[in-house]
Amino acid sequence: MSVNIIQIHKRDSYEYRHIQDKFSVNVSSNTYALSDGTTQSFKSEIWAQIITENFVNKPVFEKTELISEFKILVKNYSKQDYQFSSNPAIASIERAKKVMGGTATFIGVQIINNKEIRCISCGDSNLFLIKKNKINSSYPFLNLGELNNNNYFLNTEQLIQDKIEESFFSQTSIEVEKNDILILATDALSRFILKFPDKLPEILSLKSFDETLNFCSKYWESKELEEDDITALIINLDDRDEISQIVPAEGFSFPKEVEYIFVPESLQNLEIIFTDMESQEIRKQFNGIKNDFDQVKKKQKQNELLLMIAISLLFVNIFLTLYLKPLNDKRSKAPNQIINHNNRQVRK
């Protein structure tokens, strides 16, 4: 069995050390786990790393038991020695986010005798079974619509409050054969595969970071691939025994955007300096606010549509009431033309 791990961070993160996708592999037990920490939550990459490492060392495929395991791990997450920003404004944002906890997706897989895989997941990461370079099945999402409708995540505070339910998880067993390929992918790449299955061979052929960078840059620019952290665990059920990892080289970073900052005249004499980490945190906060506003606008449009439908129905109802009422009044005032009497019809 051979494993090829591919990772690249989104351009907004600049450096690989800021990637929030985390994975763990245990070759001895053939267990693999992948987690995507959410940008808006607090230190989600740490939470993602904790749950993946624990799972591959102690794989659990029973939902209630796994939830209990995650609850225990929240204590480890809470005990981390976090260094808040030296900038008071940034530190205030970080403390507010810490109260909300860390949030991540999760998918875990174990391969048994190269004949069966067990899978359990929560969130929008996906598993693909590939046969002869074509998708044979995918889990838990079969299409783009199902993946986009996912609303389940693992939040540390919700775990403590017993708000994470078994229904948040998907679980299955799938039969596999020699030379099958499994792909565990986080949400952006999963969407790409589901939308463009014909481009799957491009992903399977990636052998270096330069090729991965060119692949992502091409589809980021064309807007076909969502600009996010990209992670894929490609597991070949072959006779080889090797693990390769394609990640950015030491010192690699995406170029930083030129930022033009408006400074009011009254503040021009104040020297405000942000470190790279602080600037990155501010950018993440604004991205989070933008995403929230996008969701509000989407819901507002839906509400406007429903309101228009309701108003239309109201006008139809008023029209029918005003139109039919005179007709009913006329009929009630008209004399009877035929009456029944002893089963005979008699005309007046």
Side-chain angles (χ1 to χ4, degrees), residues 3-25 32-53 97 102-108 121-128 141 144 147-148 150 153-155 183-196 202-203 206 208-234 245-257 276-277 279-288 290-291:
V3 182
N4 187 21
I5 301 164
I6 299 174
Q7 271 200 318
I8 185 171
H9 54 290
K10 55 181 175 284
R11 289 183 288 196
D12 280 352
S13 294
Y14 302 126
E15 298 177 4
Y16 178 62
R17 61 193 176 97
H18 297 310
I19 193 169
Q20 293 171 306
D21 288 357
K22 299 297 177 181
F23 68 88
S24 292
V25 174
Y32 309 84
L34 179 61
S35 179
D36 177 5
T38 62
T39 302
Q40 292 80 12
S41 66
F42 180 74
K43 302 295 182 182
S44 61
E45 66 278 6
I46 296 177
W47 172 234
Q49 189 67 56
I50 289 174
I51 59 179
T52 55
E53 288 181 352
K97 289 174 67 175
T103 305
T105 66
F106 173 81
I107 186 167
S121 69
C122 175
D124 53 12
S125 295
N126 214 42
L127 165 69
F128 298 92
F141 307 109
L144 195 60
L147 189 148
N148 288 336
N150 168 75
F153 297 91
L154 291 172
N155 175 265
I183 299 179
L184 295 179
T186 46
D187 59 329
L189 188 59
S190 293
R191 287 188 177 90
F192 181 84
I193 295 173
L194 289 170
K195 192 173 183 179
F196 306 106
E202 287 188 64
I203 299 173
L206 297 175
S208 69
F209 175 70
D210 286 341
E211 291 178 1
T212 303
L213 176 61
N214 291 335
F215 170 86
C216 291
S217 297
K218 177 175 69 173
Y219 290 115
W220 279 339
E221 292 299 330
S222 67
K223 306 300 182 183
E224 293 173 288
L225 176 62
E226 178 185 352
E227 186 141 354
D228 196 0
D229 294 336
I230 302 296
T231 302
L233 273 60
I234 303 175
Q245 188 170 348
I246 299 174
V247 297
E250 186 73 25
F252 171 84
S253 65
F254 287 110
K256 294 186 178 182
E257 299 176 358
D276 289 343
M277 287 292 292
S279 299
Q280 177 64 19
E281 184 62 31
I282 292 173
R283 184 181 297 277
K284 288 181 180 179
Q285 293 301 319
F286 278 115
N287 287 338
K290 177 182 179 298
N291 292 335

* To do: Show your reasoning for whether side-chain contact (heavy atoms from CB on, under 4.5 Å) applies to Leu184 and Phe23.
  => CA-CA 10 Å; Leu184 295 179; Phe23 68 88; over 6 Å; no
* **Derivation and outcome, side-chain contact (heavy atoms from CB on, under 4.5 Å), residues Phe209 and Ile8** => CA-CA 8 Å; Phe209 175 70; Ile8 185 171; 3.8 Å; yes
* To do: Begin from the C-alpha positions of Leu147 and Ser190 and carry the test side-chain contact (heavy atoms from CB on, under 4.5 Å) through to its verdict.
  => CA-CA 9 Å; Leu147 189 148; Ser190 293; 3.7 Å; yes
* Asked: Which heavy-atom pair separates Leu225 from Ala188 by the least distance, and what is that distance?
  -> CD1-O, 3.7 Å
* **Closest non-hydrogen atom pair, Ala104 against Trp47** => CB-CD1, 3.7 Å
* Asked: Can you tell me how far CD1 of Ile19 sits from CD of Gln7, rounded to the nearest 0.5 angstrom?
  -> 4.0 Å
* Out of Lys10, Lys195, Arg191, which residue meets the salt bridge (charged side-chain N to carboxylate O under 4.0 Å, His left out) rule with Glu226? -> Arg191
* Rounded to the nearest 0.5 Å, what's the gap from OG on Ser24 to CD on Gln49? Could you check? => 5.0 Å
* Do the ring planes of Phe215 and Tyr219 sit parallel (below 30°), tilted (30 to 60°) or perpendicular (above 60°)? -> perpendicular
* Asked: Roughly how far, to the nearest 0.5 Å, is the SG atom of Cys122 from the CZ atom of Phe153?
  -> 8.5 Å
* Hey, does Phe141 have a side-chain heavy atom less than 4.5 Å from the side chain of Asn148? -> no
* Structure fact -> Looking only at heavy atoms, the pair that brings Ile234 and Ile203 closest together is CD1-O, 4.1 Å
* Strictly under 6.0 Å, is that where the ring centroids of Phe252 and Phe254 end up? -> yes
* From CG (Asn126) to CD1 (Ile193), nearest 0.5 Å -> 8.5 Å
* **Non-hydrogen atoms of Ile6 and Thr212 that approach each other most closely** => CG2-CG2, 3.6 Å
* **Minimum-distance pair of heavy atoms, taken over all atoms of Pro248 and Tyr16** => CD-CD1, 3.5 Å
* Yes or no on side-chain contact (heavy atoms from CB on, under 4.5 Å) for Val3 and Tyr32, after CA distance, side-chain angles and deciding distance? -> CA-CA 10 Å; Val3 182; Tyr32 309 84; 3.8 Å; yes
* Applying the side chain to side chain donor-acceptor pair (under 3.5 Å) test to Gln20, which of Thr38, Thr39, Asp36 qualifies? -> Thr39
* **Approximate separation, where rounding is to 0.5 Å, of Ser35 OG and Ile51 CD1** => 3.5 Å
* Asp229 side, atom CG; Leu189 side, atom CG - distance, nearest 0.5 Å -> 12.0 Å
* Any donor-acceptor N or O pair under 3.5 Å, side chains Ser125, Thr105 -> yes
